[in-house]
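Read the structure below first, then the notes.
When a ligand or atom number is given, it counts from 1 through the structure's own listing order. Computed from a predicted structure; not experimentally measured.
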Amino acid sequence: MTSFAELNALPMEQLANLTELGYLTMTPIQEAALPLILAGKDVRAQAKTGSGKTAAFGLGLLQHIDAKQFNTQSLVLCPTRELADQVANELRRLARYMPNIKILTLCGGVPFSIQRDSLIHAAHIIVATPGRLLDHLNKETVNLDALQTLVLDEADRMLDMGFADDIDQVIDYAPTQRQTLLFSATWPDAITAISQRIQRNPMTIKINSVDELPAVEQQFYEVSRNGKINLLQKLLSREQPASCVVFCNTKKDCQAVYDALSDSHQSVLVLHGDMEQRDRDQTLIQFANGSSRVLVATDVAARGLDIKSLEMVINYELSWDPEVHVHRIGRTARAGESGLAISLCAPEEAQRANALEEMLNMKLNWQPLPTGIAIIPLEATMATVCIDGGKKAKIRPGDILGALTGDMGLDGADIGKITIQPTHAYVALKQSVARHAWKQLQQGKIKGKSVKVRLLK
Ligand code: ADP
Ligand code: MG
């Protein structure tokens, strides 16, 4: 537990600001990375989500900014718009004591022309997704000649989303004399490769390589690759989980498992990096509000998932990385509730199973294949209606609830979670009333205005 003051590198105003933010001691990643970052070294760091990576690079890059120079001195690349917004907000909080620091986000989904106008005066710090930033660089609306610090945040996820080429092209616009920082929650080989391309003598930091094992019942089944779908169906029928995530290692498997479950009328959704941001948001909302009982996902895509009581996790294939396995199964044991984690393991995955046994220092609980189970497709209790109109149209949950329970005569007990997004709102409704409510909303009004409404599958 070290305080920020012990770094002997941050100004008093920043220390006071950190105290106000409630940052009293450094997190382990900050303790390990900040001295190196402040000393101007290239750093590549692996630490899990929520470990305080943003402040680790944020405090470093802010120290190197000269606010009197009106040029772009720091660039943070992020995989998605929400993550870029989160990082920019955290940087603004960390920079509160510094007057006249301009921090700008550049992501897709916002008209290019608006961004071009806000770039007439260069920002000191740009937080961007690689694709949109590259558009600006190609059109010369952004200039990186004065760049000092380049950060790749959630690098694994950016690679998973196919941004490697864009990142390389962005870097062609940056000076070779710079500090490059790379942060990633997992460490596939591609991370080492990109680090070698873009960093100079990087210092490597890995924090918490294997977490404490969550208190989750684990079952392992040995099954051929071809037999996995059928076993998966049987296990879902036997356990009847209210909510279950099926983890796959590849997008291809995700799609195949989803297709098979969906063909047998299971209540299922799929989530992977190839999907548009909006579809991903929508899928996460539908799953979280009970409109689907099964979600088939890759590890990186599932990172946006914030669900308190996941009943079951199924590893359709063992991960190569024991840490990822621990992370997966930990999702069912939130808030002290008990969960079940089942792993399907083909003979060719034996090496991974052995590594897991060794790393976790426990005997894997192998189970015989279940027999005599009839397949009963899972059905969701809720369905989701999507309303074209959200925060920007000043729609609040109360407006929707009021419209449904007032004029439209629905029972409050039939209405579930209401999620308001910038341009859309999502309402969970009991299956039995969803169709009726959808029709009513189409004809009725919210805040005195007609709205477009869709019933999502
Ligand atoms: P990561 O990027 O590693 O997933 P974040 O940077 O988003 O994690 O930080 C996770 C949370 O921890 C944020 O809410 C942040 O405000 C908080 N946090 C970061 N550093 C500290 C600290 N030193 N003390 C207390 N809270 C912190
Ligand atoms: Mg982060």
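Considering Leu62, Val43, Leu181 as possible partners of Phe57, the one that fulfils the side chain to side chain contact (heavy atoms under 4.5 Å, CB included) test is Leu181.
For the pair Lys228 and Tyr316, the cation-pi criterion (under 6.0 Å, within 45° of the ring axis) is fulfilled.
Considering backbone and side-chain atoms together, Gly52 places an N or O closer than 3.5 Å to an N or O of ligand 1.
With a 6.0 Å radius and a threshold of 12 heavy atoms from other residues, nucleotides or ligands, Glu358 has its CD atom at or below the threshold. Counting heavy atoms of neighbouring residues, nucleotides and ligands inside a 6.0 Å radius, atom NZ of Lys251 exceeds 12 of them.
Residue contacts with ligand 1 leave out Ile29, since none of its heavy atoms falls under 4.0 Å from the ligand. Under the 4.0 angstrom criterion for non-hydrogen atoms, Gln86 is not in contact with ligand 1. Under the 4.0 angstrom criterion for non-hydrogen atoms, Ser51 is in contact with ligand 1.
Side-chain atoms of Thr250 come within 3.5 Å of backbone atoms of Asp253 as a donor-acceptor pair (strictly under, hydrogens ignored).
With no hydrogens or angles considered, no side-chain donor-acceptor pair links Thr2 and Glu6 at under 3.5 Å. No side-chain donor-acceptor contact under 3.5 Å links Asn17 and Glu13. Between the side chains of Asp321 and Ser319, no donor N or O sits under 3.5 Å from an acceptor N or O.
Looking at Phe4 against ligand 1, only its side chain comes within 4.0 Å, counting heavy atoms. Contact annotation: for Leu21 versus ligand 1, there are no heavy atoms closer than 4.0 Å. At a 4.0 Å heavy-atom cut-off, ligand 1 touches Gln30 through the side chain alone.
Within the 4.0 Å cut-off (strictly below), a protein heavy atom is located near atom 25 (C) of ligand 1. Distance screen at 4.0 Å: atom 13 (C) of ligand 1 has no protein heavy-atom neighbour inside the cut-off.
In summary, the atoms of ligand 1 found under 4.0 Å from a heavy atom of Arg93, numbered by their order in the structure, are 16 (O). Each of the following atoms of ligand 1 lies closer than 4.0 Å to a heavy atom of Thr54: 2 (O), 5 (P), 6 (O), 7 (O). Those atoms of ligand 1 with a heavy atom of Lys53 less than 4.0 angstrom away are 1 (P), 2 (O), 3 (O), 4 (O), 6 (O), 8 (O).
Looking from atom 4 (O) of ligand 1 to the surrounding protein, the closest heavy atom is Gly50 N, 2.5 Å. Nearest protein heavy-atom neighbour of atom 15 (C) of ligand 1: Tyr23 OH, 3.2 Å.
In terms of heavy atoms, Ile229 sits closest to Ala256 at CD1-O, 4.3 Å.
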